Amino acid sequence: MQTIQIYQLKDFVGQEVKLRGWVRNWRKQSSKLRFVVLRDGTGEVQCVAHKPDMGEEAFEAVKALSIETSLEVWGTVGRHPRREGVFEIALKRVVPMQVAVDYPIGKKEHGPDFLLGQRHLWLRSSRQWAQLRIRHTVYSAIEGFLNGQGFIRFDSPILTPSSCEDTTTLFEVPYFDMGSAYLSQSGQLYLEAGIMSLRRVYDFGPVFRAEKSKTRKHLTEFWMMDAEAAFVEHEENMQIQEDLIRHIIRTVLERCATELETLERDTDTLRRADAPFPRWTHRQAIDYLKSKGCDIDYSDDFGAAEEEMLTAESDTPVFIERWPAEIKAFYMRRDPESPGLALCSDLLAPEGFGEIIGGSERETDHDELQSRMKSLGMPMDEYQWYLDLRKYGSVPHSGFGIGLERTVGWMAGSRHVRECIPFPRMISRVTP
RNA sequence: UCCUGAGUAGCUCAGCGGCAGAGCGGGUGGCUGUUAACCACUAGGUCGGGGGUUCGAAUCCCUCCUCAGGAGCCA
């Protein structure tokens with residue numbers, strides 16, 4: 001008899017098999033009939049325990065099962081009598097590995113604080129299973145796309161000497177007798193060094209922000225993929241981002257049908273997002289918002305409400321490009337046609353999921369960059385290496401960073417990014 | 001840091017000045033096709049902590065704590 005996994009059931013109809021997993025739920029129908037829902041990490045299947053078929057002793061073993069007990073089951077694969085395309089197991093025998101007593105997560109609703117406190121167990125529920133599998137698929141789609149575009153993985157350091165911004169948003173860690181180091185907010189500056197060797201590079205890892213943000217779009221530790229490419233300018237940079245996002249959408253739709261169904265995600269909406277992305281300048285966006293009655297100025301950033309208005313009428317994500325330079329980062333190249341603007345773009349996801357990518361063409365001129373850094377009061381000795389990149393063969397280059405959890409949240413239709421990472425870290429939670 | 005809301009059984013919540021409640025979960029029993037199964041019975045309480053008002057406080061007031069959503073903030 002073969003030991004199989006639930007995803008293989010369709011190939012074993014009519015055969016006796018062995019499965020290993022956990023009890024998701026059980027239902028008692030009568031003194032002679034019980035249903036046990038088995039999950040094994042690859043899926044779920046209903047097992048039918050009928051006392052006259054399996055015998056007194058084997059049925060007693062089924063009666064002793066509890067939610068989340070780990071076990072091995074033997075039985076015959078069949079088709080559900082009333083559900084098309086659904087399989088079930090006619091049980092012959094069950095052997096518990098470890099009997100779970102009083103599993104804390106029940107079948108009814110729970111609050112977020114309780115569930116996050118039980119995150120190590122909450123991971124087992126159907127929705128979390130589906131979301132984490134979509135996370136894996138998004139991760140895998142990003143890597144597949146970049147590999148196909150000639151990007152080389154280049155791991156940026158996580159411990160860094162300091163920030164280019166003020167250090168209040170950084171997590172500080174003691175570093176031997178050298179004072180403090182800080183957890184990285186982004187590996188971008190290091191990637192700019194990498195492209196001068198490898199032409200196109202990316203990193204993919206955790207980044208850390210000590211901001212006291214308390215919203216459904218913020219985590220203090222989240223995963224970001226930063227890509228950087230030599231000889232790529234602003235327009236091509238946006239094209240790469242659009243191609244990447246559309247590749248992610250197609251990959252998730254293709255590989256995660258079951259997961260999306262479990263989450264009751266509207267896949268037509270996702271499908272429609274796989275189309276050319278509108279590109280608005282920041283000025284056009286402000287004009288639009290003004291026409292809708294927003295009290296906003298040409299030098300302003302957008303709040304959550306504005307972001308939603310900008311994408312409300314679009315099926316696809318929307319690029320907002322060429323922002324006022326003074327509200328963007330120092331390393332962004334200025335627009336030659338309008339020096340007050342930065343050659344940058346934010347990509348806003350539709351359906352209210354917010355900003356998922358930020359990118360820009362980078363400043364290439366040594367003196368220009370140096371003067372901006374000085375005026376920001378940055379520690380020039382710590383960043384000499386970064387200025388060196390503009391002294392020894394500076395080239396046009398661009399890059400962008402994509403937030404994994406927000407992208408997963410959009411794909412999965414999750415209201416909160418805390419469900420898009422196995423163990424979320426937020427302002428009021430670092431455990432479990 | 002600010003604004004708003006919440007904290008009552010293991011969980012989700014109702015009760016909002018006069019006997020501490022329901023559903024789920026636990027336990028016991030019933031039902032041959034259930035899908036968060038259902039039905040009956042049963043056990044289960046420091047009403048977030050402290051202080052105050054009142055004949056009487058889960059309920060009103062003050063204060064602190066915790067959580068949520070949002071704002072600010074967010075290479």
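For clarity, every value in this text was computed on a predicted model and none was experimentally measured. First the proteins, then the strands, lettered A, B, ... as listed; each starts at 1.
Pair check for B:rC24 finds B:rG10; Watson-Crick or G-U wobble, both atom distances under 3.5 Å. Using the Watson-Crick or G-U wobble rule with both distances under 3.5 Å, B:rC67 pairs with B:rG5. Shown here, B:rU54 forms no base pair; nothing in the strands shown gives a Watson-Crick or G-U wobble contact with both key distances under 3.5 Å. Under the Watson-Crick or G-U wobble criterion, with both distances below 3.5 Å, B:rU59 is left unpaired in every strand shown. Across all strands shown, B:rC19 remains unpaired; no Watson-Crick or G-U wobble contact has both distances below 3.5 Å. Across all strands shown, nothing is found opposite B:rC73 as a Watson-Crick or G-U wobble partner with both distances under 3.5 Å. Base pairing annotation: B:rG29 forms a Watson-Crick or G-U wobble pair with B:rC39, both donor-acceptor distances under 3.5 Å.
The residue A:T215 sits close only to the backbone: its heavy atoms come under 4.0 Å of sugar-phosphate atoms, none of a base. Using a 4.0 Å heavy-atom cutoff across all strands shown, A:G401 reaches no nucleic acid atom at all. A:K214 comes within 4.0 angstrom of a nucleotide base, judged by non-hydrogen atoms across all strands. Across all strands shown, A:R209 has heavy atoms under 4.0 Å from sugar-phosphate atoms exclusively, and none from any base. Across all strands shown, A:E355 has no heavy atoms under 4.0 Å from either base or sugar-phosphate atoms.
For B:rG72, the OP1/OP2 oxygens have no side-chain nitrogen or oxygen of A:S213 closer than 4.0 Å. Contact annotation: A:R216 does not reach the phosphate of B:rG69 (side-chain N/O to OP1 or OP2, under 4.0 Å). A:Q29 has a side-chain polar atom (N or O) that falls below the 4.0 Å cut-off from OP1 or OP2 of B:rG33. For B:rA75, neither phosphate oxygen OP1 nor OP2 lies less than 4.0 angstrom from any side-chain nitrogen or oxygen of A:S186.
In this structure, A:S30 contributes its side chain and A:L33 its backbone to a donor-acceptor pair below 3.5 Å.
Screening A:R333, A:E361, A:E321 for a side-chain hydrogen bond (donor to acceptor under 3.5 Å, both in side chains) involving A:H234 leaves a single residue, A:E321. Each of A:R133, A:R127, A:Q131 was compared with A:E259 under the side-chain hydrogen bond (donor to acceptor under 3.5 Å, both in side chains) criterion, and only A:R133 meets it.
Taking the C1' atoms as reference points, B:rC11 lies 27 Å from B:rG50, given to the whole Å. Comparing B:rA6 with B:rC60, their P atoms sit 10 Å apart, to the nearest whole Å. Nucleotides B:rA20 and B:rG29 are separated by 28 Å at their C1' atoms, to the nearest Å. Comparing B:rG25 with B:rG10, their C1' atoms are spaced 7 Å from each other, to the whole Å. Comparing B:rU53 with B:rG21, their P atoms are spaced 29 Å from each other, to the whole Å. A gap of 47 Å separates the P atoms of B:rC67 and B:rG30, to the nearest Å. Rounded to whole Å, the P atom of B:rG49 lies 15 Å from the corresponding atom of B:rC65. With P as the reference atom, B:rU66 and B:rG72 are 24 Å apart, rounded to whole Å.
In the model, A:T311 has no side-chain atom that pairs as donor or acceptor with a side-chain atom of A:S314 under 3.5 Å. Side-chain polar atoms of A:Q128 and A:R119 form a donor-acceptor pair below 3.5 angstrom. No donor-acceptor contact under 3.5 angstrom links the side chains of A:S213 and A:T215, judged on distance only. In this model, a donor atom of one side chain and an acceptor atom of the other lie less than 3.5 Å apart for A:Y331 and A:Q188. For the 3.5 Å distance criterion, the side chains of A:D203 and A:S156 qualify, holding a donor opposite an acceptor.
Side-chain atoms of A:I245 and A:I356, non-hydrogen and from C-beta on, do get closer than 4.5 Å to each other. Within the 4.5 Å cutoff, no side-chain heavy atoms of A:V408 are placed close to those of A:S414.
Distance, A:K28 NZ to B:rU35 P: 16 Å, rounded to whole Å. Atom-to-atom, CG of A:L116 to C1' of B:rG69 comes out at 14 Å; the value is rounded to the nearest Å. One atom, CD of A:E88, and another, C1' of B:rG33, lie 8 Å apart when rounded to the nearest Å. Summarising the geometry, the separation between CZ on A:F114 and P on B:rG10 is reported as 11 Å, rounded to the nearest angstrom. When rounded to the nearest whole Å, the span between CG of A:L115 and P of B:rC67 equals 16 Å. Per the geometry, CH2 belonging to A:W26 stands 13 Å off C1' belonging to B:rC38, to the nearest Å. A:W122 places its CH2 atom 16 Å from the P atom of B:rC11, with the value rounded to the nearest Å. Atom-to-atom, NZ of A:K328 to C1' of B:rC74 comes out at 10 Å; the value is rounded to the nearest Å.
Residue A:Q185 places its side chain closer to B:rA75 than to any other of B:rA75, B:rU32, B:rG33. When distances run from any side-chain atom of A:P81 to the nucleotides B:rG72, B:rG33, B:rU12, the shortest one goes to B:rG33. For A:H50, whose side chain is taken as the heavy atoms from C-beta onward, the closest listed nucleotide among B:rA37, B:rU32, B:rG33 is B:rU32. Nearest to the side chain of A:F35, among B:rG26, B:rA71, B:rG33, sits B:rG33.
Within residues 407-432 of chain A, the residues having any heavy atom under 4.0 Å from RNA chain B are, by residue number, A:H416, A:R418, A:S428.
Applying the 3.5 Å distance criterion, the base of B:rC11 shares no donor-acceptor pair with the side chain of A:H110.
Closest-nucleotide positions on RNA chain B for A:S30 and A:K217 were compared, and the one nearer the 5' end corresponds to A:S30.
In this structure, A:F204 and A:Y139 have tilted ring planes: the angle between them lies in the 30° to 60° band.
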